[in-house]
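None of these values were measured; they are calculated from a predicted model. Atoms within a ligand are numbered from 1 in the order they appear, just like the ligands themselves.
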Amino acid sequence: MAETKLNAQKLADKLLVNKKNGWEGLTDQEKKKIMKFSDGYIDYINNGKIEREIIKESEEIAKANGFKPLSSYKKLKAGDKVYYINRGKNIILAVIGKDKLEEGINVVGAHTDSPRLDLKPNPLYEDTDFAYLKTQYYGGIKKYQWVTIPLAIHGVVALKNGKTVDVKIGEEGDDVTFVITDLLPHMGRHQMEKKASEVIEGENLTLLIGSMPLTDEKVKEKVKLNTMAILNEKYGITEEDFLSAELEIVPAFNAKSLGFDKSMVAGYGQDDKVCSYCSLMAICETTAPKKTAVCLLVDKEEIGSVGNTGMESLVFETFLGELIHLCGEDNTPNILHRLYQHSAMLSADVDGAFDPLYASVADKKNASFFGYGVGMNKYTGGRGKGGANDANAEFIAKIRKLFDDNKVRFQIAELGKVDEGGGGTIAYILANKGMDVIDCGTPVLSMHSPYETTSKFDVYHSYLAYKAFMNKYI
Ligand code: MN
Ligand code: MN
């Protein structure tokens with residue numbers, strides 16, 4: 001009898017999937033490594049809450065790791081490290097490989113924009129002795145999550161004289177803060193009966209910025225004027241300059257270790273700065289790979305990858321054209337198409353993690369879990385896989401082997417139950433050009449909220465996944 005039991009166990013070990021929480025069995029040394037990596041990640045997202053700041057920070061990190069601007073090279077050879085920045089919102093980094101470009105490249109692509117509130121072009125007004133800034137939300141948000149939390153203003157004001165003023169105000173410490181008000185429960189009976197999507201109206205996502213009037217008998221809107229005077233003194237701007245500004249309202253609180261065990265990270269904008277950081281760290285540790293490795297940090301993913309800083313633009317192709325030229329492969333016929341056809345990509349975007357408090361929307365057999373490694377989606381999209389990039393089985397098999405060989409913990413999941421979930425990333429855009437692409441990123445709780453949560457174990461294994469792919473995928 002005992003023998004049969006033993007055989008059955010052996011059989012189960014051989015034939016069945018046996019998932020285990022990744023923290024289990026880790027040595028103190030290994031845990032320390034994960035914690036140290038997360039410290040760097042927490043700094044990265046605290047220093048860069050919007051795409052422009054993340055690109056600046058990423059450039060600093062790249063430069064410190066030997067990357068040079070593409071324009072500084074006359075010729076490229078294996079091992080060279082280059083980067084290109086597009087309009088301050090989008091960076092492409094590459095480490096030139098030993099193989100020719102036409103034989104394909106390995107791309108890890110993440111995005112740097114996150115859901116937020118943008119100021120309208122004419123944002124400033126006064127009502128009942130309050131000064132306000134009007135906003136338009138960016139990306140998929142639950143509007144009710146953005147009221148009564150500390151908010152900060154980040155971005156730029158571009159002036160007619162050609163200069164650009166950087167704005168960053170309202171962060172933690174001694175700085176002031178801003179807030180969007182909500183109705184008190186005592187007077188909220190009708191509001192509480194509304195649908196969650198209507199509890200806070202889009203036009204009410206309006207930032208409170210002042211209440212002190214100037215002392216003057218004749219002037220109207222004294223609170224607005226007083227606020228504008230302060231802004232003028234601090235930034236040298238006038239009300240009209242808001243017309244050419246990009247000012248983003250983001251949560252003022254900082255990212256931190258979460259939990260008594262410090263096993264998680266809570267912070268704003270982890271979609272998709274977690275994958276941005278992990279892919280940036282991975283390419284910084286890529287040396288003389290067989291195939292050219294590329295790290296792509298793009299903008300505008302949250303609103304459909306449109307525009308000249310998004311993945312749909314031709315900027316990446318222009319960059320590849322430059323690489324082709326500098327590597328002396330101009331004369332290969334049809335080179336760009338061949339390159340795409342032979343290339344592979346990890347679309348590095350976050351995955352929705354299983355949340356036991358909302359278990360009913362997930363298929364537990366096909367969900368990604370905290371502590372089980374980087375999450376891959378063979379396909380996203382809702383309903384009948386509509387609009388999904390459906391990764392090829394042969395490609396996934398190669399990735400499985402790569403990750404197993406390099407001790408990368410991974411899980412393959414779906415975004416929610418059939419007919420419940422859905423979503424898209426930049427995966428399909430490069431798959432359309434002929435590349436093999438799969439979604440591969442860190443599972444996140446409370447995605448698109450002002451304070452998202454990740455597991456440090458999964459963050460670390462996302463980095464390991466990208467590093468293995470950039471250095472070793474053939
Ligand atoms: Mn994303
Ligand atoms: Mn997103």
Listing by chain and number, which protein N, O or S atoms are under 2.8 Å from the Mn ion (ligand 1)? His111 NE2, Asp271 OD1, Asp349 OD1, Asp349 OD2

Return yes if a side-chain donor-acceptor contact under 3.5 Å exists between Lys472 and Asn406, otherwise no. yes

Test Ile54 against every option in Glu57, Glu51, Arg52 by the side chain to side chain contact (heavy atoms under 4.5 Å, CB included) rule and name the one that passes. Glu57

Between Met447 and Gln270, is any pair of side-chain heavy atoms under 4.5 Å apart? no

Test item: side-chain donor near acceptor, Glu285 and Tyr463, under 3.5 Å: yes

When rounded to the nearest 0.5 angstrom, what distance separates CD1 in Ile34 from OG in Ser263? 10.5 Å

Is it the case that Lys273 places NZ or CZ above or below the six-membered ring of Tyr44, under 6.0 angstrom from the centre and within 45 degrees of the axis? no

